[in-house]
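Here is the structure we will look at.
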2 protein chains.
Amino acid sequence: MSKATALHHDYETLLREAGVRITKQRQAILKIIADAADHPDAMEIYNRASALDASVSLPTVYRTMKTLEENGAIRRHTFEGGPSRFEHADSEHHDHLIDVDTGSVIEFTSPKIEALQREIAEELGYDIIHHRLEIYGKRRR
Amino acid sequence: MSKATALHHDYETLLREAGVRITKQRQAILKIIADAADHPDAMEIYNRASALDASVSLPTVYRTMKTLEENGAIRRHTFEGGPSRFEHADSEHHDHLIDVDTGSVIEFTSPKIEALQREIAEELGYDIIHHRLEIYGKRRR
DNA sequence: AATGCAGTTGAAAATCACTTGCAATTAGTT
DNA sequence: AACTAATTGCAAGTGATTTTCAACTGCATT
Ligand SMILES: [Mn+2]
Ligand SMILES: [Mn+2]
Ligand SMILES: [Zn+2]
Ligand SMILES: [Zn+2]
């Protein structure tokens, strides 16, 4: 059993049930998103989706990502310096380490850090809505 | 002895020694930065500096912030959704909690979280260049 | 299967936060 | 005071993303 393999990702049904119409452009974009195992940006999604359906436009990619985000299907990340990058929202929460030389993104989780954040927010009198932890590093050699 | 009071902040000397010319526009901007106890963005710095010297322009604010950043005098933060915000670089490292309702920024430090990040990077075979930890929260009521 | 229409589309223009080109100005050395 | 490279404001340019708008199309309803 592969832990990395994400399940169904039936974004089409999810959106349909949210009253969103499934156009052929959206079908192409949704397929790309469902199959993505990385953190592509809008232009990358546009390029991949264009191969499936040449009628997809960049504004529609942005609109679809926003719709998916509003419906909790995907998460948006804005790593330093670059455009927004997207990933499935149904994966377990994790944070990211970005290789500043290659730009590659490595995921990690730390229950301890998560707990410490809750303690800090608690002490300050806050409830955490969400947080962002990004480590920028260079591969050790 | 107030711990919050930051010291000298002689950005003028710092820049002068870096071979940067001190114009009257820069003097105004540097005074604003030196006196700032918050995390103002470029427009806010422009507004404050304009009150001291009406000849300050927004491009010069941006250029000066970039120069200060390149000389390690200030740090730039890009909190979710907003423009870059700046703060002194000579303060001890800390992370931020942003009140999503008011936009106010609260600073905090967690030696434990810092240590855990080093452990994580270590395990992944990376040296940390820098990191970003932002907690977005709502005041508990 | 045809109709109706609100939701959706692509293309072009707009926006936002910066950044840059350039001619005029000026800080700081000589 | 003269010199000259750094700096300035303004206008134009960028890059990512959003919006406008007229044409098109899902899809619920006949
Ligand atoms: Mn991820
Ligand atoms: Mn701070
Ligand atoms: Zn986390
Ligand atoms: Zn930190």
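Numbers restart at 1 for each chain; the letters A, B, ... are given by sequence-line order, proteins then strands.
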How many Å lie between CG on Leu15(A) and P on dG26(D), as a whole number? 15 Å
Which residue is it: Leu97(A), Ile135(A), Asp99(A)? I am looking for the one with a side chain to side chain contact (heavy atoms under 4.5 Å, CB included) to Leu124(B). Leu97(A)
Tyr62(B) side-chain N/O to dT19(C) phosphate OP1/OP2 under 4.0 Å: no
For Arg76(A), report the nucleic acid contact type (base, sugar-phosphate, nothing); a contact means any heavy atom under 4.0 Å. nothing
Whole-Å distance, Arg16(B) CZ to dT29(C) C1', equals 13 Å
Assign Ile22(B) to base, sugar-phosphate, or nothing according to its heavy-atom contacts below 4.0 angstrom with the strands shown. sugar-phosphate
Tell me what Lys24(B) touches on the nucleic acid: a base, only sugar-phosphate, or nothing, going by heavy atoms under 4.0 Å. nothing
Is it true that His39(B) and His77(B) share a donor-acceptor pair across their side chains at a distance under 3.5 Å? no
Judged by nearest nucleotide, the residue sitting upstream toward the 5' end of DNA chain D, Phe86(A) or Val20(A), is Phe86(A)
If only side-chain N and O atoms of Ser84(B) are considered, is one of them under 4.0 Å from the OP1 or OP2 phosphate oxygen of dC18(C)? yes
Under a 4.0 Å N-O cut-off, is there an ion pair linking Glu44(A) with Arg48(A)? yes
When the distance from NE2 of His77(B) to C1' of dC18(C) is rounded to whole Å, what number comes out? 19 Å
Can you find a side chain N or O atom of Arg21(A) that sits less than 4.0 Å from OP1 or OP2 on dA28(D)? no
Measuring to OP1 and OP2 of dG26(D), would you say a side-chain N or O of Arg26(A) lies under 4.0 angstrom away? no
I would like to know whether His96(B) and Arg132(B) meet side-chain contact (heavy atoms from CB on, under 4.5 Å); could you show each step before the answer? CA-CA 9 Å; His96(B) 301 91; Arg132(B) 163 157 95 169; over 6 Å; no
Hey, does Val56(B) reach any base, or is it just sugar-phosphate, or nothing, if we go heavy atoms under 4.0 Å? sugar-phosphate
Ignoring backbone atoms, test whether Thr23(B) places a side-chain nitrogen or oxygen under 4.0 Å from the OP1 or OP2 oxygen of dA27(C). no
Within the structure shown, what part of the strands sits under 4.0 Å from Arg63(B) by heavy-atom distance: base, sugar-phosphate, or nothing? base
Round to a whole Å and report the spacing from CD of Glu17(A) to P of dA28(D). 13 Å
5'-most contact on DNA chain C (nearest-nucleotide basis), Ser57(A) vs Gln25(B), goes to Ser57(A)
Check the phosphate of dT18(D) against Lys66(A), side-chain N and O only, distance under 4.0 Å to OP1 or OP2. Yes or no? yes
Hey, are Arg140(B) and Glu122(A) close enough for a salt bridge, meaning a charged N less than 4.0 Å from a carboxylate O? yes
Report which part of the nucleic acid Pro59(B) touches: base, sugar-phosphate, or nothing (heavy-atom distance under 4.0 Å, all strands). base
